[in-house]
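Throughout, numbering of the chain's residues begins at 1 and tracks the sequence. Atoms considered below: every heavy atom in the structure, side chains included; atoms not considered: hydrogens, waters and symmetry mates. For clarity, every value in this text was computed on a predicted model and none was experimentally measured.
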Amino acid sequence: MNIRDLIKESIEELNEQMDDDKQLMYSGDIRLLGKNASIDSMEFVTFITILEERISDELDQNIKIVSDKAFSRERSPFLSFESLEEFIAELIEEVES
């Protein structure tokens, strides 16, 4: 299973907990944090928790997505699902090396 699939499954699980009018879809223009974010802060925390658990279960990797490293970047990994996917790949690569 790849990271994009894990993100999509995590979105589906989050959607099960959200109202129909707030459902998320995997899209390049979805903003996860900050101004014009598609989800609120509690939904973001829930999504990240679900995603970290899936990564642990499916890829046998224990990573922390929300960290000083994530917030100290010039370009936030939480701008979109695509930037999040790239950041997670970096984190997994660091753990494996």
Side-chain angles (χ1 to χ4, degrees):
M1 181 158 296
N2 65 41
I3 297 167
R4 181 171 295 165
D5 291 337
L6 295 174
I7 291 173
K8 288 178 180 180
E9 287 180 1
S10 299
I11 293 167
E12 289 172 14
E13 187 173 334
L14 178 65
N15 282 340
E16 291 173 6
Q17 302 173 32
M18 295 171 54
D19 294 334
D20 289 343
D21 62 335
K22 290 195 76 179
Q23 300 287 299
L24 282 179
M25 293 181 61
Y26 186 93
S27 171
D29 61 350
I30 296 285
R31 189 168 177 95
L32 299 174
L33 272 184
K35 189 177 179 181
N36 301 321
S38 297
I39 54 178
D40 66 29
S41 58
M42 290 304 295
E43 292 161 345
F44 175 78
V45 170
T46 302
F47 169 70
I48 295 296
T49 301
I50 292 167
L51 182 54
E52 287 177 342
E53 288 173 2
R54 287 190 178 276
I55 291 169
S56 177
D57 292 345
E58 297 292 329
L59 303 179
D60 198 29
Q61 297 288 339
N62 293 311
I63 61 170
K64 290 288 180 205
I65 297 170
V66 177
S67 63
D68 289 340
K69 180 177 182 167
F71 288 108
S72 66
R73 292 179 159 238
E74 188 174 312
R75 184 173 183 270
S76 171
F78 308 116
L79 291 176
S80 68
F81 289 124
E82 291 170 352
S83 60
L84 179 60
E85 182 179 340
E86 292 170 10
F87 182 65
I88 292 169
E90 287 178 33
L91 292 175
I92 290 172
E93 187 174 309
E94 287 174 7
V95 170
E96 290 178 343
S97 56

message = Are I48 and L59 connected into the same hydrophobic cluster when the rule is that any two of I, L, V, M, F, W, Y join if their side-chain heavy atoms are below 4.5 Å apart?
response = yes
Exercise for the section: For the pair L6 and I88, evaluate side chain to side chain contact (heavy atoms under 4.5 Å, CB included) and give the outcome as yes or no after the intermediate values. Expected result: CA-CA 11 Å; L6 295 174; I88 292 169; over 6 Å; no
Closest heavy-atom contact between [X] and [Y]?
{"X": "I50", "Y": "L14", "answer": "CD1-N, 4.0 Å"}
{"X": "I39", "Y": "L32", "answer": "CG1-O, 3.8 Å"}
{"X": "D5", "Y": "N2", "answer": "N-OD1, 2.8 Å"}
{"X": "A70", "Y": "I65", "answer": "CB-O, 3.5 Å"}
{"X": "P77", "Y": "S83", "answer": "O-OG, 3.0 Å"}

Below 4.5 Å, heavy atoms only, C-beta onward: do [X] and [Y] meet side chain to side chain?
{"X": "M25", "Y": "I30", "result": "no"}
{"X": "F81", "Y": "R31", "result": "no"}
{"X": "L84", "Y": "F47", "result": "yes"}
{"X": "E43", "Y": "K22", "result": "yes"}
{"X": "I92", "Y": "I55", "result": "yes"}
{"X": "L91", "Y": "E94", "result": "yes"}
{"X": "D20", "Y": "N15", "result": "no"}

Discussion item. Less than 4.0 angstrom from a charged side-chain N to a carboxylate O is my criterion; do R4 and E82 meet it?
Written reply: no
Lys/Arg N to Asp/Glu carboxylate O, E90 vs R73, below 4.0 Å: yes
Drop me the distance from [X]'s [atom1] to [Y]'s [atom2], to the nearest 0.5 angstrom.
{"X": "E12", "Y": "I7", "atom1": "CD", "atom2": "CD1", "answer": "12.5 Å"}
{"X": "S10", "Y": "I3", "atom1": "OG", "atom2": "CD1", "answer": "11.5 Å"}
{"X": "Q23", "Y": "M18", "atom1": "CD", "atom2": "CE", "answer": "6.0 Å"}
{"X": "K8", "Y": "L24", "atom1": "NZ", "atom2": "CG", "answer": "13.5 Å"}
{"X": "F71", "Y": "F78", "atom1": "CZ", "atom2": "CZ", "answer": "5.0 Å"}
{"X": "E93", "Y": "I63", "atom1": "CD", "atom2": "CD1", "answer": "12.5 Å"}

Where the side chain of T49 meets the backbone of V45, is there a donor-acceptor pair that is under 3.5 Å apart? yes
Item to complete: Begin with the C-alpha distance, continue with both residues' side-chain angles, and end with the deciding distance and a verdict on side chain to side chain contact (heavy atoms under 4.5 Å, CB included) for E13 and R54.
Response: CA-CA 11 Å; E13 187 173 334; R54 287 190 178 276; 2.9 Å; yes
